[in-house]
Chemist: 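Shown below is the structure under consideration.
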Amino acid sequence: MPTTTFSVNRNQVITSALRKLGVLELGEVPDAETISNGSFVLNLLIKQLATSGLRLWTIDEYVLPLVANKTFYTIGPALTSDLATDRPLKVIQSFLRNTSATPNIDIPMTLISKQEYNILGSKFSTGIVNSIYYDIRQTEGILHVFLTPDANTSTNYELHFFGQRPLYDINSASDVPDFPNEWFNTLVWNLADQLAIEYGVPANHRQEIAMRAKAYLDQMDDWDVETTSTFFQPDMRMAVQGQRNMVL
């Protein structure tokens with residue numbers, strides 16, 4: 001019966017990359033030190049790949065309990081965080097859910113930039129939240145809400161947002177990379193590209209590997225996009241703010 005579940009683990013990616021470099025002959029197995037170095041470089045590569053494009057399979061929904069009179073919330077792996085989870089790299093959408101209504105009612109939130117948040121008037125005015133600003137830090141993210149929730153909001157509403165989680169680390173030989181299987185060939189060639197100089201691969205061979213690695217990565221970046229249309233429109237809030245400044 002046909003299948004679509006082909007998969008590879010960490011050591012298979014490393015071994016295949018080393019063969020591309022000519023470091024291993026067919027049938028040879030890398031030693032423990034070579035695997036350890038390959039794993040280190042592979043994890044470095046994965047961290048970098050998380051920053052280019054929007055990895056659709058990493059978009060998760062988060063639910064943040066609101067606290068009366070609390071304006072910002074820490075999100076990170078520490079148990080002391082307001083939301084203990086992996087730090088989202090980006091927040092792309094949010095809504096406020098009225099849990100007191102049957103059925104629940106979702107209210108879209110506005111995502112604002114740091115500049116927009118900074119020029120808000122009283123950031124501690126209380127009421128129903130209508131906007132959020134996400135400030136990513138080294139080990140955690142800080143989510144600022146506006147308005148600051150009052151007692152009614154904290155009791156009857158919860159904040160939902162969709163964010164891009166980090167790609168998972170690969171720590172053991174049997175770990176499968178946190179990518180759809182369409183990405184595995186790209187991982188192999190880009191790992192080979194990263195290792196080429198370390199293993200003294202001749203310049204002409206390195207050039208071919210680099211070209212293939214870039215071509216495969218570009219192909220996957222072009223494929224890994226939303227399939228629905230995107231619409232753009234002017235942000236009239238800033239236009240109104242500019243008119244006010246002119247009047248003043």
Side-chain angles (χ1 to χ4, degrees), residues 1-62 77 85-93 136 141 161-199 201 205-230:
M1 177 179 290
T3 66
T4 61
T5 57
F6 172 79
S7 185
V8 297
N9 60 37
R10 183 198 69 178
N11 283 13
Q12 289 173 320
V13 171
I14 295 170
T15 301
S16 182
L18 292 171
R19 290 199 184 108
K20 300 290 187 291
L21 299 175
V23 175
L24 291 179
E25 296 292 337
L26 189 64
E28 286 186 333
V29 178
D31 58 33
E33 186 174 352
T34 301
I35 287 289
S36 178
N37 181 62
S39 178
F40 174 75
V41 177
L42 179 58
N43 276 293
L44 288 178
L45 173 63
I46 288 172
K47 293 300 181 188
Q48 185 172 11
L49 288 176
T51 68
S52 61
L54 189 62
R55 305 304 178 214
L56 298 180
W57 67 93
T58 66
I59 304 302
D60 289 341
E61 181 177 359
Y62 301 81
T85 184
D86 292 325
R87 172 202 60 169
L89 303 179
K90 298 176 183 177
V91 172
I92 61 174
Q93 186 183 15
I136 187 170
F161 66 91
F162 292 85
Q164 180 186 355
R165 64 163 174 79
L167 292 164
Y168 296 138
D169 301 333
I170 300 182
N171 298 314
S172 65
S174 60
D175 282 350
V176 175
D178 183 22
F179 289 80
N181 52 16
E182 291 83 7
W183 271 84
F184 294 154
N185 191 48
T186 300
L187 284 179
V188 168
W189 281 96
N190 277 268
L191 178 59
D193 183 40
Q194 295 291 314
L195 292 171
I197 292 180
E198 292 187 34
Y199 286 97
V201 175
H205 192 182
R206 288 204 313 269
Q207 184 178 12
E208 181 178 354
I209 291 172
M211 290 175 61
R212 285 176 175 263
K214 183 179 184 306
Y216 292 142
L217 182 57
D218 288 345
Q219 180 181 1
M220 295 312 301
D221 281 338
D222 291 341
W223 173 75
D224 180 31
V225 294
E226 288 278 10
T227 57
T228 54
S229 301
T230 301

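Values below: every heavy atom of this structure, side chains too, minus hydrogens, waters and symmetry copies.
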Chemist: Tell me, do Leu49 and Leu187 make a side-chain contact under 4.5 Å, heavy atoms counted?
Modeler: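 Yes, their side chains come closer than 4.5 Å.
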Chemist: How about Gln194 and Leu44: do any of their side-chain heavy atoms sit closer than 4.5 Å?
Modeler: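 In short, these two side chains do not touch, never coming nearer than 4.5 Å.
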Chemist: Quick one: sort the Trp189 and Tyr216 rings into parallel, tilted or perpendicular, breaks at 30° and 60°.
Modeler: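 Trp189 and Tyr216: tilted rings.
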Chemist: Any donor and acceptor pair, going by atom type alone, linking the side chain of Asn181 with main-chain N or O of Thr4 inside 3.5 Å?
Modeler: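 At least one qualifying donor-acceptor pair exists.
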Chemist: Under a 3.5 Å cutoff, is there a donor and acceptor pairing between the side chains of Ser172 and Asp175?
Modeler: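 Their side chains do contain a donor-acceptor pair, which is all the 3.5 Å distance test asks for.
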Chemist: Within the structure provided, determine whether Thr51 and Leu89 are in side-chain contact (heavy-atom separation under 4.5 Å).
Modeler: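 Not in contact.
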Chemist: Looking at side-chain heavy atoms only, is the closest gap between Asn11 and Val29 below 4.5 Å?
Modeler: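 No - every pair of side-chain heavy atoms lies 4.5 Å or more apart.
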Chemist: Would you confirm whether Glu28, through its side chain, and Glu25, through its main-chain N or O, come within 3.5 Å as a donor-acceptor pair?
Modeler: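 Yes; at least one donor-acceptor contact below 3.5 Å.
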Chemist: State which residues pass ring-ring contact (aromatic ring centres under 6.0 Å, His included) with Phe184; sequence neighbours excluded, sorted by chain then number.
Modeler: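 For Phe184, no residue satisfies ring-ring contact (aromatic ring centres under 6.0 Å, His included) once neighbours in sequence are set aside.
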Chemist: Sequence neighbours left out, what passes salt bridge (charged side-chain N to carboxylate O under 4.0 Å, His left out) with Arg55? Give chain and number order.
Modeler: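 Arg55: salt bridge (charged side-chain N to carboxylate O under 4.0 Å, His left out) contacts with Asp221, Asp224.
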Chemist: Does any non-hydrogen side-chain atom of Asp178 lie less than 4.5 Å from one of Ile46?
Modeler: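 Counting from C-beta outward, Ile46 and Asp178 never come under 4.5 Å.
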Chemist: Out of curiosity, Tyr199 OH to His205 NE2, how far, rounded to the nearest 0.5 Å?
Modeler: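 Tyr199 OH to His205 NE2: 14.5 Å, rounded to 0.5 Å.
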Chemist: Going from CD on Gln219 to CH2 on Trp183, what distance comes out if it is rounded to the nearest 0.5 angstrom?
Modeler: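 Taking CD in Gln219 and CH2 in Trp183, the distance rounds to 10.0 Å.
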Chemist: A quick test of your reading: do over 12 heavy atoms of other residues, nucleotides or ligands sit less than 6.0 Å from NZ of Lys47?
Modeler: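 Enclosed: over 12 neighbouring heavy atoms sit under 6.0 Å from NZ of Lys47.
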Chemist: For residues 183-194, which residue pairs qualify under salt bridge (Lys or Arg N to Asp or Glu O under 4.0 Å), counting only residues two or more places apart or in two chains?
Modeler: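 Output for this query is empty, none listed.
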